[in-house]
S.K.: 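Here you go, one structure.
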Amino acid sequence: MRWISASTSFVTALPRFHQLSLLGLGLLLSIALVLPSSDSNFSSSPLSLGHLTDTDAPVFEQPELSLRQLRAPWAFDKVPTHETLLVPVAGNTPNSYQYIVRKGDTLSKIFERLQLPQKTMYQLLEADVNVLALDNLKPGHTLVFDKQDQVLKRFELQFSLSHKVVYQRKESGGFEFEEVQLEGDWQDQLVSGEIILTFTGSSQKAGLSQWEAQTITQILKQRVDFRRDLQRGDKFEVLLSRQYVDGEATGNNRIEAVRIKNRRHDIHAYLFEDNYYDQKGRNLEKAFQRYPFSGKYRQSSRFNPRRKHPVTGLIRPHNGTDFAMPIGAAVRSTGDGIVKRVVRHKYAGLYIEIQHGQSYKTRYLHLNKSYVVKGQRVKRGQRIAQSGNTGRSTGPHLHFELHVNGRPVNPMTAKIPIAVSLTGKKKKAFQSKLKSYLARLDKPSTDKQLALNSDKAGTKSSTL
Ligand SMILES: [Zn+2]
C-alpha cells in the first residue's frame with residue numbers, strides 16, 4: 001500500500017496540529033481508495049490562502065485537482081525531498097538555503113515542503129502587506145531561507161539580479177522588510193527595422209520584447225493607429241536602455257526614444273521625467289486624476305514610509321493614502337492602464353493593481369468587489385471596484401498607492417502626468433535631452449550597433 005507510507009511521510013512533514021487533524025481525517029477516509037492529497041486538504045481547510053487566487057501569476061493558481069496531480073511526485077514519492085529542492089548558499093551562514101520557484105508552486109506549498117510552520121508564513125505575509133511582493137512569485141524567482149534552530153530568521157525573495165525584498169525576523173516575533181533595488185549600469189541599445197506586416201511582429205523580430213512592443217503602441221496610441229496608418233516598408237527606430245549588474249543583464253529595460261518613419265510623417269516619442277513627449281514637447285500620455293474616486297472622502301491616514309507600529313515597534317511603512325469610504329462606494333482608476341493583479345490577500349483584502357504605461361502603477365486595497373479582471377484595459381475615471389473593509393482593516397476605507405518606477409510615492413503630492421505642453425525651464429531641459437536622443441538615434445551605424453543587430457535573427461533592416 002504505497003500511498004499509506006507516502007501519506008505518512010507527508011504527515012510528519014507538517015506541524016503537529018495538522019498531523020493530528022490529518023491523522024484523524026486519514027482514519028475516517030482510510031477506507032476510501034483516494035486519500036485526499038495535501039492540496040485538497042489545504043484548499044478546503046479554513047487556513048487555505050484566499051489570497052493565493054491571483055489569476056495573474058501561475059504560481060498562485062489553485063487548479064482543479066486531477067488524479068494525476070494528486071500523484072504529484074513531491075506528495076506521493078520519497079523524491080524529490082525538500083533537501084533536494086534546497087540548495088545551500090555558498091558564503092552565507094551554514095543554515096542558508098535557496099529555492100527556485102517552480103511552475104505550480106504556491107507559497108503555502110513551498111512552506112509545507114520545507115517544513116516551515118504556517119505561522120511563519122503568515123508573519124511574513126503580515127510584513128509583506130506593505131510591499132505585496134510575495135503575491136508576485138513567478139517561476140524562476142529565487143527564495144533564500146536562513147534557518148536557525150528550526151526558526152526562520154531571514155527570508156529573501158529575489159526577483160532579479162537588481163531587485164529583491166529581504167524579510168528579517170525581529171525579537172518581537174514579526175518580520176521587517178527591506179526592498180533592495182540596485183541602480184546598476186544602463187546601456188543603450190538601438191533596435192531598428194522595417195514593418196513587414198505589423199509593428200508588434202516586426203519590432204519583436206528586430207529584437208524588442210513583446211512587452212516593449214506593446215508599451216510603444218500604448219504610448220503612441222493617441223498619435224497613430226498602428227493597424228491602419230502603418231504600412232509595409234515603414235521604418236522604426238527604438239532606443240532602449242538595458243540594465244546590467246556586474247556585467248549581467250537583469251532583464252529590466254527602459255524605452256527611451258521611438259521614431260517611426262511613415263510615408264506621410266514621422267512619429268516621435270521621447271522619455272523625459274517619466275513621461276513621453278513628441279519632438280515639440282507635447283505630452284503623449286493622458287493625464288492622471290489625483291483621487292481614485294469622484295466626490296469627496298476624508299483622508300483618514302497619510303502616506304508615511306517610516307511609520308512605526310505603536311505596540312511592536314516594528315517599522316510598518318504606510319505606502320499609501322487611506323480614505324474613509326463606505327462599503328460599496330465606487331473606486332475609479334486614476335489613469336488609463338492595464339489591470340495587472342486582482343488578488344485576495346489575508347491582510348490587504350481584495351486588491352487591484354493597475355500598470356499605467358512604463359513608469360506608473362496604482363494599487364487599491366481592502367475592496368469589497370472588483371469589476372475588472374486581470375489583463376483588462378481600463379480608462380482614467382473608470383469604475384473598477386467597490387470600496388470595502390476586507391483583509392485586516394480597522395473600518396471601511398480605501399487604501400490607495402501610487403508607484404513611480406517601482407517605488408511607492410505619496411499619491412497626494414507626487415507629480416502626476418498632466419497632459420500639457422512643456423514650457424519655460426522644463427521645455428529647455430527637454431530640448432537638450434531631445435538633442436542627446438537624436439544624436440544617439442542618428443549616430444551612423446557603429447560596430448556595436450551592427451553587432452547588436454546581427455545578433456537578432458530575422459532583423460530585416462540593420463540600420464537606417
Ligand atoms: Zn492604508
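None of the values given here were measured: they were computed from a predicted structure. Just so you know, these numbers use all the heavy atoms, side chains as well, and skip hydrogens, waters and symmetry mates. Both ligands and their constituent atoms are indexed starting at 1 by order of listing.
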S.K.: Quick one: which of Y437, Y276, Y277 gives a ring-ring contact (aromatic ring centres under 6.0 Å, His included) with F430?
M.R.: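 Result for ring-ring contact (aromatic ring centres under 6.0 Å, His included) with F430: Y277.
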S.K.: Side chains of S162 and N252: do they bring a donor and an acceptor to under 3.5 Å?
M.R.: yes
S.K.: Quick check: does H397 have an N/O/S atom under 2.8 Å of the Zn ion (ligand 1)?
M.R.: no
S.K.: Before moving on, can you tell me the angle at the Zn ion (ligand 1) between the NE2 atom of H318 and the OD2 atom of D322, to the nearest 10 degrees?
M.R.: 90°
S.K.: Tell me if the aromatic rings of H163 and F159 count as close, with their centers under 6.0 Å from one another.
M.R.: yes
S.K.: Tell me which N, O or S atom from H399 is the closest to the Zn ion (ligand 1).
M.R.: ND1
S.K.: In terms of side-chain geometry, is the basic nitrogen of R440 or E256 positioned less than 4.0 Å from the acidic oxygen of its partner?
M.R.: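 Yes, R440 and E256 are salt-bridged.
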